[in-house]
Amino acid sequence: MDLAASSTSRFSDVDEYGFKRSDNFDYRNYEQFMSGYLKTLTKRRMKWEAILQRNADLTTIDSKLKRYIRKGIPGPFRADVWMKISGAAKLQQRSPTLYRNLLGAHYEKEICDSITIDLPRTFPDNIHFDTKKERLFNILVAYAHHNREVGYCQGLNYIAGLLLIVTDDEEKSFWLLKHIVESIVPQYHTKNMANLLRDLAVFKEMIMRRAPQVNRHIENLGLPYTVIASKWFICIFAEVLPVETVLRIWDCVFAEGYKIVFRVALALFLTHKTAILGCDDIAALANLFREKMMQGDIVTDCHSFIEAMFKIRLKRSELEALRKVCVGRNNT
Amino acid sequence: MATTARSGGNASGSTAQRPNGTQQNKNCQFKLVLLGESAVGKSSLVLRFVKGQFHEYQESTIGAAFLTQTICIEDTVVKFEIWDTAGQERYHSLAPMYYRGAQAAIVVYDIQNQDSFQRAKTWVKELHKQASPNIVIALAGNKADLSNIRVVEYEEAKQYAEENGLLFMETSAKTGMNVNDIFLAIAKKLPKNDGAHNQGAPAGRRLNDNENNRQTNNCCK
């Protein structure tokens with residue numbers, strides 16, 4: 001890493017979640033962003049304390065609460081707020097022994113093997129994660145046996161892993177994982193991935209309508225949308241975008257549902273329109289999506305990205321209509 | 001462009017070098033797909049070949065990844081467009097999109113894992129049935145650095161490869177053993193004649209002048 005940068009920066013080369021910052025992390029820009037953002041965070045935390053005192057169970061998400069959530073749930077409250085606004089807390093109350101019973105059950109070897117293979121390669125760069133591997137195994141193996149239609153799908157390790165980092169609680173992570181897989185993006189992780197393929201086609205349709213020249217350019221260069229965006233949809237951007245950005249996105253996903261996933265994907269394309277059109281071959285384009293897009297402002301200033309994604313006009317009715325058209329497509 | 005940069009890739013290390021600029025290079029581009037069971041080392045082979053790196057705990061590939069690397073054989077500059085796929089069975093439905101139109105495939109198994117060898121055979125069958133008829137297929141028995149705990153014998157795999165017309169090598173993405181060589185062997189076997197792509201045969205696409213210039217900047221120097 002850049003020694004000059006670290007010696008002048010107040011920020012460690014490991015972030016608050018235990019992830020190592022990349023070698024080319026822009027400490028100067030981040031410091032500038034954080035000098036303002038830290039004040040915002042403190043103010044926000046006080047406001048959230050007030051909200052939680054008034055409306056402890058957060059059963060109804062009114063426009064004010066939605067606005068607060070879009071501005072980011074403060075870290076210390078995140079796990080409980082996610083549990084409440086998603087409805088996972090209620091589900092857990094209704095089946096309080098489910099998770100423990102699943103852990104005591106007999107496991108299929110094939111499922112265990114495929115999870116075990118992925119454990120050491122889940123967040124290998126996170127300094128806290130070594131001690132969490134066993135708990136991650138428990139969450140994934142319990143879920144795979146609870147939902148036989150899904151079983152274990154690669155990618156769930158990243159979702160469950162990040163849930164575990166935020167909640168530091170196996171059981172909460174299990175219920176939140178269940179909520180994501182069954183309520184936010186159902187049939188993405190099942191054996192035929194039917195809804196994933198449908199939604200990738202929906203996403204492509206949206207780009208065709210909103211930025212036809214971008215779509216044409218990508219088609220001409222020959223990079224399928226499945227290569228670009230499968231991981232975005234399967235992992236809900238975990239292990240795709242920087243962790244702070246992902247958590248801000250998940251705040252909104254738990255409150256507002258699947259529409260947010262499309263918002264983020266659209267924002268990634270539309271805010272990089274010039275860069276996409278500037279790629280003159282497929283390798284440059286693939287590299288843009290894999291590496292370049294995940295550097296710079298999007299890393300140091302998660303707040304601007306969230307603001308940009310809510311400026312995009314997007315109606316649930318538009319998405320639902322496209323979903324009907326795109327059912328059964330598998331060559332996006 | 002990071003993906004074609006020759007940073008430590010050393011892929012031309014064993015190829016014939018020639019004085020730069022003395023004659024016109026031929027340029028070819030081939031689509032190559034990697035297939036095989038989860039965690040056999042597909043992404044690691046690509047990472048070793050393209051960037052000369054190895055990560056003990058390579059993150060699992062979700063969906064697919066795309067990278068490129070350029071190597072030189074005699075007077076030909078060969079650019080591989082590499083499609084690295086996810087190994088888990090449920091991602092199988094996406095695979096035809098990647099091997100469709102591919103001129104080459106590397107089917108990878110782990111020499112410590114008998115199931116992964118059986119899975120590799122299934123991939124070979126599927127390619128013979130569904131892919132371009134002249135696709136060049138290489139079988140890679142990866143993790144050869146662990147050959148003391150192997151369960152798939154070298155001779156068994158070699159015989160299978162011969163019977164099915166496949167190139168075969170045991171490789172190690174960890175040590176780099178045979179990694180460049182397997183790509184090189186594929187490149188040698190691929191037809192590099194002009195205009196052959198018109199017949200739908202698995203021939204390399206000639207690059208246009210623009211690409212030509214860029215390629216020669218990266219390669220054969």
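Per chain, numbering begins at 1; letters A, B, ... match sequence-line order.
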### Summary
Looking only at heavy atoms, the pair that brings B/Ser38 and A/Gln154 closest together is OG-NE2, 2.8 Å
### Task
For the pair B/Glu81 (side chain) and B/Thr68 (backbone), establish whether a donor and an acceptor sit closer than 3.5 Å, ignoring hydrogens and angles.
no
### Task
Please confirm whether the backbone N or O of B/Asp110 pairs with a side-chain atom of B/Arg150, one donor and one acceptor, at under 3.5 Å?
no
Counting heavy-atom pairs closer than 4.5 Å to chain B, which one of [options] comes out on top?
| options | value |
| --- | --- |
| A/Ile117, A/Ile282, A/Thr122 | A/Ile282 |
| A/Pro224, A/Cys153, A/Pro124 | A/Cys153 |
| A/Phe233, A/Tyr152, A/Phe123 | A/Tyr152 |
| A/Ser230, A/Ala229, A/Pro120 | A/Pro120 |

### Pairing of B/Glu170 and B/Lys143 as salt bridge, 4.0 angstrom limit
no
### Query
Is NZ or CZ of B/Lys121 both nearer than 6.0 Å to the six-membered ring centre of B/Tyr109 and within 45° of the ring axis?
no
#### Entry: Side chain / backbone / both / neither for B/Glu59 at chain A, heavy atoms under 4.5 Å
both
### Query
Contact part of B/Thr85 toward chain A, heavy-atom cut-off under 4.5 Å: side chain, backbone, both or neither?
neither
### Task
Check each atom of A/Asp118 against the heavy atoms of chain B and say whether the ones under 4.5 Å are side chain, backbone, both or neither.
side chain
### Task
Look at the rings of B/Phe183 and B/Phe80 and say which category their plane angle falls in: under 30° parallel, 30 to 60° tilted, over 60° perpendicular.
perpendicular
